[in-house]
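Values reported hereafter were calculated over all heavy atoms of this structure, with side chains retained and with hydrogens, waters and symmetry mates removed. We count ligands from 1, going down the list as the structure has it; atoms in each ligand are counted the same way. For reference, positions follow the sequence shown, starting with 1.
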Amino acid sequence: MKQSAPDLDVIVSEIVAEMRARKDRGTVATYIPELANVDPDHFGLAIVDVAGNVFSGGDCTVPFSIQSISKVFTLTLALGRIGDRLWRYVGREPSGNRFNSIVQLEHELGVPRNPFINAGAIAVTDVILSGRQPRETLGEILRFVQFLADDGAVSIDKDVAASEKRTGFRNAALANYMKSFGVIENPVDHTLGVYFHHCAISMTCEQLARAGLFLSCNGVNPLTGLSVVSAERARRINAMMLTCGHYDGSGEFAYRVGLPGKSGVGGGILAIAPGKASIAVWSPGLDQAGNSHLGRIALEELTRRTGWSIFGA
Ligand code: GLU
């Protein structure tokens with residue numbers, strides 16, 4: 001039921017208790033071997049409101065692999081770098097296909113549907129890499145995320161990156177295929193190296209919620225007072241998170257939760273309640289579409305209790 005002034009302390013602790021008690025936890029990703037070692041019983045939730053108040057519970061201070069959530073930050077960087085020219089390399093439409101699908105790429109001449117499917121994110125990474133060395137690019141991405149989270153302790157889990165590099169044959173196929181169409185400019189192994197490493201950024205729910213706050217506040221991080229992007233760009237990134245942020249589960253997420261959101265196969269979801277708060281949830285077990293099973297249910301519960309869905313209470 002909608003509340004006019006939601007008591008977020010109570011809501012967070014109730015959701016954490018409910019989620020911890022559930023037995024249906026989905027399945028932890030195993031195609032990146034290092035992620036298979038994560039305990040599926042973890043559950044963390046953090047909300048940072050636009051005034052900077054933090055409401056958090058469960059494993060909200062345990063770092064996890066943000067994986068595809070990093071694509072929100074690389075998209076932001078790439079737009080900052082080349083602006084609307086980015087749309088020559090990647091589209092803005094939902095794909096309706098799995099996150100690592102290759103079929104659509106052939107029909108669309110190597111230009112991926114959107115920046116959040118793997119092919120699109122690899123193309124975005126390539127744009128950020130152009131004119132720089134991989135190490136320098138990775139440093140730039142990491143420093144940007146640290147700046148957004150206002151926390152220099154955010155780091156890259158090198159074991160996760162190495163694990164994905166060893167087994168990332170599909171992403172290598174996507175990158176090589178795009179290269180054949182001229183969509184990828186740099187050596188494929190350089191672009192993939194940067195991509196695997198930014199996916200391996202490790203963050204806690206509290207750090208991640210802080211890092212997303214600029215998207216709830218018209219592009220300004222209210223914690224630092226610094227402008228990250230224009231209000232128009234923040235609105236557009238939110239629009240893409242809503243339509244494309246959960247792969248072929250994006251419609252279901254909009255239907256059930258009603259917030260712009262981006263998931264990762266590490267089991268995290270970053271959700272944005274514009275003008276209200278930034279929310280990070282983590283539960284490692286995934287559903288069929290590769291999105292956190294309990295993470296989505298927790299967010300559905302949160303918007304139900306707060307009335308925060310962008311589609312109305
Ligand atoms: N690094 C993962 C991959 O490329 C990211 C996928 C995800 O988080 O959804 O497969």
Side-chain angles (χ1 to χ4, degrees), residues 26-38 63-75 90 94-102 104-105 112-126 128-129 138 141-142 145 156-178 184 188-203 208 211-212 240-241 244-250 252-253 261-271 280-293 295-296:
T27 315
V28 172
T30 52
Y31 77 97
I32 300 173
E34 198 67 20
L35 295 183
N37 302 328
V38 178
F64 65 91
S65 193
I66 66 167
Q67 291 296 319
S68 282
I69 303 170
S70 62
K71 296 171 182 175
V72 174
F73 307 128
T74 49
L75 170 66
V90 64
S95 76
N97 282 320
R98 281 194 60 74
F99 67 101
N100 55 7
S101 169
I102 199 166
Q104 217 158 29
L105 270 182
R113 267 289 167 104
N114 68 65
F116 293 150
I117 51 174
N118 285 6
I122 293 167
V124 167
T125 301
D126 189 68
I128 304 174
L129 176 60
L138 199 54
I141 296 170
L142 182 62
V145 176
I156 292 174
D157 185 329
K158 298 235 166 54
D159 292 338
V160 172
S163 178
E164 183 165 12
K165 195 170 176 199
R166 275 195 302 276
T167 56
F169 306 113
R170 240 172 221 260
N171 285 326
L174 293 170
N176 279 294
Y177 199 58
M178 288 190 286
I184 297 287
V188 162
D189 58 328
H190 288 189
T191 304
L192 283 176
V194 176
Y195 171 78
F196 292 145
H197 280 81
H198 76 61
C199 285
I201 291 174
S202 208
M203 295 175 87
L208 185 58
M240 254 175 302
M241 288 172 75
C244 311
H246 281 72
Y247 309 117
D248 45 340
S250 298
E252 183 71 5
F253 188 81
K262 181 72 203 88
S263 68
V265 291
I269 302 177
L270 172 65
V281 63
W282 173 47
S283 174
L286 308 179
D287 63 18
Q288 298 284 328
N291 302 312
S292 174
H293 175 68
R296 197 265 295 151

(message) Could you go through Phe253 and Ile269, starting from their C-alpha distance and side-chain angles, then the distance that decides it, and tell me whether this counts as side chain to side chain contact (heavy atoms under 4.5 Å, CB included)?
(response) CA-CA 11 Å; Phe253 188 81; Ile269 302 177; 4.2 Å; yes
(message) Does atom CZ (Arg170) have a neighbourhood of more than 12 heavy atoms from anything else shown, all under 6.0 Å?
(response) no
(request) Provide the full list of side-chain hydrogen bond (donor to acceptor under 3.5 Å, both in side chains) pairs with a residue in residues 156-168, sequence neighbours left out, each pair given once. (result) Glu164-Asn171
(request) Going by the side-chain contact (heavy atoms from CB on, under 4.5 Å) test, name the single residue among Asn118, Leu174, Asp126 that passes it with Tyr195. (result) Asn118
(message) Could you walk me through whether Ser95 and Asn114 satisfy the side chain to side chain contact (heavy atoms under 4.5 Å, CB included) test, starting with their C-alpha distance in whole Å, then the side-chain angles of each, then the deciding distance to 0.1 Å, before giving a yes or no?
(response) CA-CA 7 Å; Ser95 76; Asn114 68 65; 4.1 Å; yes
Between the protein and ligand 1, which nitrogen or oxygen pairs come in under 3.5 Å, and how far apart is each?
residue  : atom   : partner : partner atom : Å
ligand 1 : 1 (N)  : Gln67   : OE1          : 2.6
ligand 1 : 1 (N)  : Glu164  : OE1          : 2.9
ligand 1 : 1 (N)  : Glu164  : OE2          : 2.9
ligand 1 : 4 (O)  : Asn118  : ND2          : 3.0
ligand 1 : 4 (O)  : Glu164  : OE2          : 3.0
ligand 1 : 4 (O)  : Asn171  : ND2          : 2.8
ligand 1 : 4 (O)  : Tyr195  : OH           : 2.6
ligand 1 : 8 (O)  : Ser68   : N            : 3.0
ligand 1 : 8 (O)  : Ser68   : OG           : 2.7
ligand 1 : 8 (O)  : Val265  : N            : 2.7
ligand 1 : 9 (O)  : Ser68   : OG           : 3.0
ligand 1 : 9 (O)  : Tyr247  : OH           : 2.5
ligand 1 : 10 (O) : Tyr31   : OH           : 2.5
ligand 1 : 10 (O) : Asn118  : ND2          : 3.0

(request) Start with the C-alpha distance between His198 and Thr74, add both sets of side-chain angles, then the distance that settles side chain to side chain contact (heavy atoms under 4.5 Å, CB included), and finish with yes or no. (result) CA-CA 8 Å; His198 76 61; Thr74 49; 3.6 Å; yes
